[in-house]
Amino acid sequence: MDFTIGLNEEQKKAILQTEGPVLIFAGAGSGKTRVITHRIAHLIDNLENFPESICAVTFTNKAAEEMRERVNHLLPGGIGSRVVIKTFHSLCLMILRREAKHLGFLSGFTIYDTSLQESLIKEVMKDLKMDIKQLKPSSIVHAISRSKDAMVSHIKYLDHYEKDFFSEKVDAVFSEYEKRKEQRQALDFGDLIFRTVELFKNNKKILHQYNTKFKYLMVDEYQDTNKAQYELVKYLAGESGNLCVVGDDDQSIYSWRGADISNILSFHKDYPNSFIVKLEENYRSTPTILGAASTLIANNTNRSDKTIFTNNPDGNKIGLFSYENEAEEAESIIKQIIKSKQENKKFSDHAIFYRTNAQSRYFEEALRRYSIPYKIFGGFRFFDRKEIKDIIAYLNTIVNPLDSTSLMRIINTPSRGIGETTIEKMNRISLEEGISLFEVIDRTIPGMKKGAIVKVQELKKMLSDLQDKHEKKKSPSEIAYELIERSGMREEMENEGTEESISRLENLNEFVNSVKDYETNAEDPSLEEFLNQISLLTSEEDTANLEDYVVLMTVHNSKGLEFDTVFLSGMEEGTFPHSLSMDSDTGAEEERRLAYVAITRAKRKLVISFCRFTRKFGNVEPRIRSRFFDEIPEQFFEEMGEKKQYGVRKPSHAPIPKRFTSDDSKVDVNTKNGSLQPGLKIRHKVYGVGIITKVSGNGENEKVEVKFGNLDKKFLIAYTPLEILN
DNA sequence: TTAGTTAAGATTTTT
DNA sequence: TCTTAACTAA
């Protein structure tokens with residue numbers, strides 16, 4: 001069958017060039033998924049490859065699912081579902097479970113999500129006598145994850161990063177963390193990729209197996225790969241060299257997760273003789289939307305050269321709104337959606353984007369007020385709830401008794417009289433004797449009170465019973481159910497009797513249902529596999545089966561999607577671009593790419609808005625519209641000419657932030673333009689005390705240059721709270 | 001040992 | 001504003 005019918009020349013080339021390395025630059029809305037799926041179908045149907053010999057790798061479960069569905073649609077009889085379409089993480093998990101013994105692991109190892117990771121890091125830091133307040137455990141988790149993304153093991157950590165206070169601390173924690181993780185038969189997210197690469201590096205026999213298995217490899221969103229993923233791809237593409245990567249450097253938005261844009265930009269160097277195709281025709285958006293996006297992204301320097309165009313008919317100009325605050329913004333957007341709905345659009349034609357998850361709150365409130373169905377993608381998952389994490393920790397300990405991190409989490413939840421002192425004593429024995437916490441329970445511990453011993457043994461009895469049942473192949477849902485009863489979770493929540501505790505109990509029931517669901521549908525209905533699956537889950541199926549709903553998500557989550565109408569909210573300096581990502585040029589460019597991604601999601605109508613005031617930590621702060629507005633020519637906006645006036649703050653009307661009003665010696669410079677001059681000593685919230693070296697510009701553009709030690713910074717006076725010090 | 005109260009501290013994006 | 005850690009009383 002011809003899978004290139006109706007496609008443009010470039011798309012055809014991308015599909016028909018099946019051999020050797022292929023790089024497809026796929027601009028936003030250029031029919032990328034179509035090309036990938038048709039290429040797979042072509043490989044199977046025309047070139048008679050086994051579906052199993054084709055491997056396609058994506059970043060999200062959602063993308064993988066969509067791809068599988070579409071391939072299935074192209075081919076008869078469910079052939080498509082035999083193609084190996086997986087995320088990086090699930091592919092590696094599959095390989096590692098199979099090859100666990102080569103790493104010295106049992107195949108029933110536990111996967112640590114971020115919270116278990118952090119618990120273990122905290123534990124290690126405590127034992128190493130580090131101050132949790134001085135050094136945030138989460139920042140160490142981050143450093144370790146980045147290190148693994150960069151294929152740097154704990155052994156080589158200090159060789160690769162500059163030696164300073166922080167890196168030395170990380171190094172110490174890293175080693176101990178790895179050691180304990182291994183004792184507990186656990187792997188974290190980063191390990192899944194890192195260990196698979198190491199396995200391929202050290203064991204050519206296994207590598208060869210996978211190389212023969214996969215004759216064709218395709219990678220989606222290649223611009224978001226990090227070093228570890230890059231190497232994994234290189235190994236997997238291996239002998240045949242039939243590697244096809246698809247991506248768009250302008251949509252690279254995950255550098256904070258180790259993604260390296262040069263992976264895609266240097267593909268032709270890594271894979272000589274590669275065939276490069278550029279998909280530049282956009283089928284999604286109007287010329288207006290595309291024009292705005294293109295001019296915006298043209299401000300970036302580190303990008304491959306390309307020109308996106310469309311033959312779509314002209315459409316609406318871009319809407320532009322400025323609001324007093326977030327509540328007003330939310331209210332107005334909801335009203336626009338209601339109006340649009342009356343004009344025969346569906347709710348699900350509308351998406352509201354924001355930069356940070358915290359911003360969703362206002363929209364939720366407004367949508368609830370108007371009783372409009374909505375769905376939040378990303379953000380908090382069902383499986384992120386405390387009670388769900390607790391029951392998962394119980395299940396982890398049942399499947400893997402060596403997993404002391406999970407045991408620690410539930411040893412006294414719900415509280416059963418095993419207190420801090422008891423736990424500390426047990427932990428010490430565990431550390432000294434090098435045995436798991438679970439085993440410690442059987443030891444006689446000097447100085448432990450009778451009462452505590454009884455409690456601990458009761459817990460052990462319950463867990464052992466359930467372990468027995470699990471080994472005797474009792475169904476996972478029955479085990480989960482029994483757990484809720486015997487752990488005392490149910491009793492505790494019923495006794496509490498508050499609305500919240502009842503809903504938590506309902507969540508637990510819902511959890512049991514989802515286990516049951518899994519049991520009846522999965523190929524491998526074991527508890528182990530269930531735990532594996534949910535650990536890699538993102539935000540999917542949050543129970544509610546609404547038919548038509550307004551979509552809410554962060555800009556990051558919007559990648560790969562499209563909507564008739566997009567509301568891009570909160571476009572203020574500081575939130576978008578976010579202040580924390582603006583300390584480098586690369587950060588600034590990434591924010592711009594993020595804005596580019598957001599804009600190019602819109603098919604027909606785009607509405608951008610910002611607030612003049614925003615709440616932060618409870619107090620109101622003045623805001624200025626995002627610089628990205630000024631990078632889009634006025635001709636693309638409605639209300640031409642007025643644009644420049646939006647967001648211009650009149651200093652006299654601005655309320656003085658609370659923290660500057662309590663003490664008269666502290667002056668909010670926002671209210672006193674002109675009072676700053678070189679030589680004055682000031683204090684900045686982030687950078688601390690500094691000396692003004694220069695004042696320039698006027699009105700809204702008045703700037704100060706300040707020297708903080710040997711760091712020089714420029715600020716816009718009107719929007720930077722500075723204290724003048726005497 | 002726990003529960004209940006108070007004070008500080010936190011918000012970027014996620015597989 | 002909301003959550004979590006530290007502190008206090010029973």
Side-chain angles (χ1 to χ4, degrees), chain A residues 57-64 86-93 111-115 117-118 122 131-133 136-139 141-142 145-146 148-149 188-194 220-221 224-226 228-229 252-259 326 353-362 365 377-381 383-384 386 412-424 449 451-452 455 492 496 533-540 553-559 570 574-583 587 590-591 593-595 597-598 614-620 658:
Chain A
V57 189
T58 65
F59 274 86
T60 66
N61 293 308
K62 207 196 235 164
K86 282 181 164 290
T87 65
F88 273 104
H89 292 269
S90 68
L91 177 70
C92 288
L93 177 59
I111 299 165
Y112 281 177
D113 67 355
T114 324
S115 78
Q117 220 180 330
E118 206 171 308
K122 263 189 208 161
D131 186 1
I132 292 183
K133 275 191 208 147
K136 282 191 299 178
S138 60
S139 64
V141 169
H142 187 258
S145 303
R146 288 299 73 72
K148 288 180 185 178
D149 288 347
D188 62 28
F189 279 138
D191 288 333
L192 294 180
I193 317 253
F194 182 92
D220 192 17
E221 309 279 19
D224 286 331
T225 50
N226 57 37
Q229 285 156 169
S252 164
I253 54 175
Y254 285 105
S255 70
W256 50 275
R257 230 170 61 192
E326 299 100 322
F353 295 168
Y354 35 79
R355 175 68 238 269
T356 68
N357 279 120
Q359 293 166 262
S360 70
R361 213 190 92 202
Y362 297 92
E365 279 171 10
F377 288 78
F380 287 108
R381 304 175 300 164
F383 293 101
D384 281 336
K386 214 175 278 166
N412 197 34
T413 346
S415 67
R416 48 171 72 87
I418 303 175
E420 214 177 313
T421 21
T422 311
I423 292 172
E424 214 156 277
K449 292 207 186 91
K455 302 281 183 207
E492 190 204 36
E496 202 185 313
Q533 297 275 326
I534 58 174
S535 66
L536 296 180
L537 224 54
T538 353
S539 61
E540 275 95 306
M553 60 175 70
T554 63
V555 178
H556 279 90
N557 269 313
S558 77
K559 195 166 68 159
T575 56
F576 203 173
H578 199 281
S579 49
L580 290 180
S581 54
M582 293 306 289
D583 44 11
E590 180 145 321
E591 289 291 307
R593 288 194 292 269
L594 205 45
V597 167
T614 271
R615 261 169 186 283
K616 266 260 137 112
F617 303 140
N619 45 5
V620 175
K658 221 193 277 168

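Each chain gets a letter, A, B and so on, in the order its sequence line appears, and its residues count up from 1.
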Student: For the side chain of A:S415, starting at C-beta, report the closest nucleotide among B:dT11, B:dT15, B:dT2.
Tutor: B:dT2
Student: Shoot me the first and last contacting nucleotide of DNA chain C against chain A, ordered 5' to 3', at under 4.0 angstrom to non-hydrogen atoms.
Tutor: C:dT1 to C:dA6
Student: With a non-hydrogen cut-off below 4.0 angstrom, is A:K455 in contact with a base, only sugar-phosphate, or nothing?
Tutor: nothing
Student: Tell me whether the OP1 or OP2 atom of B:dT2 has a side-chain N or O from A:N412 closer than 4.0 Å.
Tutor: yes
Student: Are A:H556 and A:Y254, when compared by the centres of their aromatic rings, separated by less than 6.0 Å?
Tutor: yes
Student: Which of the following nucleotides, B:dT12, B:dT14, B:dT11, is nearest to the side chain of A:S581?
Tutor: B:dT12
Student: Please classify the nucleic acid contact of A:T422 as base, sugar-phosphate, or nothing, using heavy-atom distances under 4.0 Å.
Tutor: sugar-phosphate
Student: Classify the side chain of A:H578 versus the base of B:dT12 as yes if they form a donor-acceptor pair under 3.5 Å and no if they do not.
Tutor: no
Student: Output the single nucleotide from B:dT15, B:dT14, B:dT11 whose closest atom is nearest the side chain of A:L580.
Tutor: B:dT11
Student: Would you say A:S115 and A:E118 are linked by a side-chain donor-acceptor pair, where the criterion is simply a distance under 3.5 Å?
Tutor: no
Student: OP1, OP2 of B:dT12 versus side-chain N and O of A:T575: anything below 4.0 Å?
Tutor: no
Student: Looking only at atom C1', what distance separates B:dT11 and C:dA6, rounded to whole Å?
Tutor: 22 Å
Student: Does A:D191 come within less than 4.0 Å of A:K148, counting only side-chain N to carboxylate O?
Tutor: yes
Student: Look at the side chain of A:W256 against the base of B:dT12 and say whether a donor-acceptor pair falls under 3.5 Å; ignore hydrogens and angles.
Tutor: no
Student: By nearest heavy atom, map A:R361 and A:K386 onto DNA chain C; which one lands nearer the 5' end?
Tutor: A:R361
Student: Can you tell me if A:T554 and A:N557 form a side-chain donor-acceptor pair at under 3.5 Å?
Tutor: yes
Student: Side chain of A:E365, backbone of A:Y362: donor and acceptor closer than 3.5 Å?
Tutor: no
Student: Looking for any heavy atom pair under 4.0 Å, which part of the strands does A:K133 touch: base, sugar-phosphate only, or nothing?
Tutor: sugar-phosphate
Student: Do side-chain atoms of A:R593 reach the backbone of A:S252 as a donor and acceptor pair under 3.5 angstrom?
Tutor: yes
Student: NA contact type, A:K148, heavy-atom cut-off 4.0 Å: base, sugar-phosphate, or nothing?
Tutor: nothing
Student: More 5' along DNA chain B: A:G419 or A:H556, using each one's nearest nucleotide?
Tutor: A:G419
Student: According to a strict under-4.0 Å criterion, is A:N557 in side-chain N/O contact with OP1 or OP2 of B:dT13?
Tutor: no
Student: For A:F59, which contact category applies under a 4.0 Å heavy-atom criterion: base, sugar-phosphate, or nothing?
Tutor: sugar-phosphate
Student: Both A:K136 and A:F189 contact DNA chain B. Which one's nearest nucleotide lies toward the 5' end?
Tutor: A:K136
Student: Assign A:D149 to base, sugar-phosphate, or nothing according to its heavy-atom contacts below 4.0 angstrom with the strands shown.
Tutor: nothing
Student: Charged N to carboxylate O below 4.0 Å: is that the case for A:E326 and A:R361?
Tutor: no
